[in-house]
Amino acid sequence: MTAILDVQNLGVRFPSGGRDILAVRDVSFTLYKGSTLGFVGESGCGKSVTAYAILKLVPQPGIIDSGRILYQGRDILRMDDDEIRKVRGKEIAMIFQEPMISLNPVFSIGYQISESIMLHLRMSKREAREYSIELLKSVGIPDPGKRYNSYPHEFSGGMRQRVMIAIALSASPSILIADEPTTALDVTIQAQILEMLLKIQEERQMSLLLITHDLGIVANIADEIAIMYAGEIAEYGRSIDIFKKPGHPYTRGLFKAIPRIGDPRSELATIPGMVPSITSPPTGCVFYPRCPIRIKKCIQAPVPLLHFANKRLVRCIRYKD
Amino acid sequence: MKAGYWGVLWREFSKNRLALAGLVIVISLILLALCAPLIANNKPYIYITEGKVYLPLFYDIITNGKEYAELKGTDLSKEKFTGFKLFPPVAYSYSEYDLDSIVVPPSRKHLMGTDEQGRDLLARMIYGSRVSIFIGFIAVIIYVAIGIIIGSIAGYYGGWIDMVISRIIEVIMCFPTFFLILTILALWGPSLASVMLVIGITSWPGIARIVRGEFLKLREMDFVVASQAVGAADRWIIFRHILPNALAPVLVSATFGIASTILIESSLSFLGFGVQPPTPSWGDILSQSRDFMDFAWWLTFIPGFAIFITITAYNLVGDALQDAMNPKSLSGK
């Protein structure tokens, strides 16, 4: 497997008054050609910010203050505006969580697809139109010729997400970043969209970076998983390994919190406590206050990601115990 | 149904009868102003004499003020009837004076009466509408353009750029605009161009503020990030994606702006700072009428009423636009 995207020691902070919010700290991961990496974590854990950072689109006033993002050997963070614009959409495309507001309400969806086609591929208006209709068809929009002239408000959420995917695919990117692509959709539509994403990924040998808070989704799709907690990667490895034997106590907590059909327990398991504020992370393990297996040693020194067999990384000193 | 944003807007707008009436008045006034020389002119459209056909009015317009050489000295006025003549509905020009009929009240000959130099008031009113509407539109176009550019830069980039621009806007807003305009006109000298320009460059802060606010709101929308993510350039995003979404409130403000610009022009003309004679403007006609107010009511009433109707029509249109854009008033999708 060849690495296509290599993120090393990424750090993103948001200045806020005197104290900075350290949204992403020391995040490293590798995305391989044609494979799927799932980023899992709860709201505010930094998974979306990491995704935006890959396209240098960290929302204001965020600052990427450390690390390297190597796309096919070139550091994205060192590209100037013109260079990064050629990467966005053409090499690395992105789809968003809210299809309801990701399309511009004043233009027809056909126009919006053609726009990104004409931006990156040298096509005439007519060719762009034909290609757009083809794309709409491939993402499962019925009667694409007619729907080409429809406006976003005439589409349902699931259909809009399909349009977003068509836009993202328009320049045949080698990486697709999907930031919670199905969170705003209902469950049956979720399944359809994911299935379609997988099909397209396979056909095009595209790499997929899937960001989600839904463990069920990554279980089915991802080759590898990174579990994020409070701006750090808590656990990283092949998804079969992680699902077979979760290493980090946080991951174990997450698995316990998945509801199971036929489970006699009336209440869902939860992880006690709250996500710590990431303005001033504690010296030791960030999960310490909520950890069921904590010991004193955990807060005495920062906990590094510890390497184990099968390229497995766990940020817990008690993993072996 | 197939309707984009503007289609929905029109549907909502057209439900308001009063506003439609306003729109009809606005459009009629624009047509009147555009066609003024064809409606009020002392030259006939067609003049047939001794087997020859002349088109004096069109010849005059095309050649910019020349006359047929062979017709020189011929009196083309309505009363001296030789041959066939077809006159425009108002057979007087705005500057043609008739010392035999000074300050005559409205009659069949002069539908709106005449002024102190015997000029037909209706002809002057029709030409005056040109000045009012021309100034209204051009000045508003100037300041809307300035406002959009400055407002969108402030709103899109935010940060210190926004800080600096917002403070400048506030400083300019603190000036009493009318006196600023008077001062500048006193320096430049009054003329049509300087009135338009001065109104244009002093009135943009309102628009800039609206556009800035819309941009601040819209740049957080996912479709803006989405279009950044496909690699669109800033300028493209600003003008192609955000601006069309921000235009609606600007349109409302511009409509009200035309009304207030017409009023400013009238006030300036009234004070003698506006368009210079013999070009008529409504404010100027009103100002001339002051001396005859006691006995020539039509000289005061007609231009005053015309200004009132025009302003009201624009305001009705603006009001209805505003209502149509209010999402709360949208009746279903």
Side-chain angles (χ1 to χ4, degrees), chain A residues 48 51-52 54-61 81-109 111-113 115-120 146-147 149-154 160 163-164 167-171 173 176-177 179 184, chain B residues 1-12 152-163 212 214-251 324-325 327 330-333:
Chain A
S48 293
Y52 284 108
I54 294 170
L55 285 176
K56 256 175 109 174
L57 281 176
V58 172
Q60 280 184 354
D81 283 359
D82 283 338
E83 288 174 299
I84 187 71
R85 270 207 296 276
K86 279 174 197 142
V87 172
R88 289 177 189 158
K90 180 136 177 61
E91 311 285 343
I92 305 176
M94 188 161 180
I95 53 178
F96 299 88
Q97 183 173 356
E98 289 285 349
M100 306 309 271
I101 54 170
S102 299
L103 290 163
N104 193 333
V106 302
F107 295 117
S108 71
I109 56 125
Y111 172 86
Q112 297 186 54
I113 301 178
E115 180 196 331
S116 81
I117 292 173
M118 290 194 291
L119 203 62
H120 291 297
K146 239 184 208 164
R147 301 300 259 167
N149 292 317
S150 301
Y151 286 88
H153 72 261
E154 299 171 79
R160 288 191 210 187
V163 172
M164 285 306 295
I167 292 175
L169 295 176
S170 61
L176 179 66
I177 302 172
D179 183 11
Chain B
M1 81 156 262
K2 275 263 179 294
Y5 179 72
W6 299 103
V8 174
L9 201 61
W10 167 249
R11 207 177 59 207
E12 289 302 314
S152 49
I153 290 172
Y156 184 77
Y157 291 104
W160 67 268
I161 298 177
D162 179 36
M163 240 289 287
R212 171 184 171 268
E214 287 293 308
F215 266 64
L216 283 179
K217 187 179 80 192
L218 289 165
R219 73 164 186 191
E220 301 298 327
M221 302 288 276
D222 274 8
F223 67 79
V224 173
V225 186
S227 106
Q228 285 171 335
V230 297
D234 281 355
R235 216 175 26 174
W236 177 266
I237 296 171
I238 290 179
F239 289 107
R240 207 59 225 192
H241 280 282
I242 306 186
L243 195 55
N245 283 291
L247 268 191
V250 172
L251 195 68
M325 274 162 203
L330 283 187
S331 46
K333 271 276 155 82

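The structure presented is a predicted model; accordingly, all values stated were derived computationally and were not measured. Lettering of chains follows the sequences in order, A, B, ..., and the numbering in each one begins at 1. Values reported hereafter were calculated over all heavy atoms of this structure, with side chains retained and with hydrogens, waters and symmetry mates removed.
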Side-chain heavy atoms of A:Phe96 within contact of B:Val225, under 4.5 Å: yes
Segment of A:Ile84 engaging chain B (4.5 angstrom heavy-atom cut-off): neither
Interface moiety of A:Leu103 toward chain B, non-hydrogen atoms closer than 4.5 Å: backbone
Rounded distance (nearest 0.5 Å) linking atom [atom1] of [X] with atom [atom2] of [Y]:
X: A:Ile95; Y: B:Asp222; atom1: CD1; atom2: CG; result: 12.0 Å
X: B:Trp236; Y: A:Glu115; atom1: CH2; atom2: CD; result: 5.0 Å
X: A:Asp81; Y: B:Asp234; atom1: CG; atom2: CG; result: 7.0 Å
X: A:Asn104; Y: B:Leu218; atom1: CG; atom2: CG; result: 8.5 Å
X: B:Met221; Y: A:Glu98; atom1: CE; atom2: CD; result: 10.5 Å

For residues [X] and [Y], report the shortest heavy-atom separation together with the two atoms involved.
X: B:Val230; Y: A:Ile167; answer: CG1-CG2, 3.8 Å
X: A:Met94; Y: B:Ala229; answer: CB-CB, 4.2 Å
X: A:Ser102; Y: B:Ala226; answer: O-CB, 3.8 Å

Results of ring-ring contact (aromatic ring centres under 6.0 Å, His included) for A:Phe107 - residues two or more places apart only: A:Tyr111, B:His241
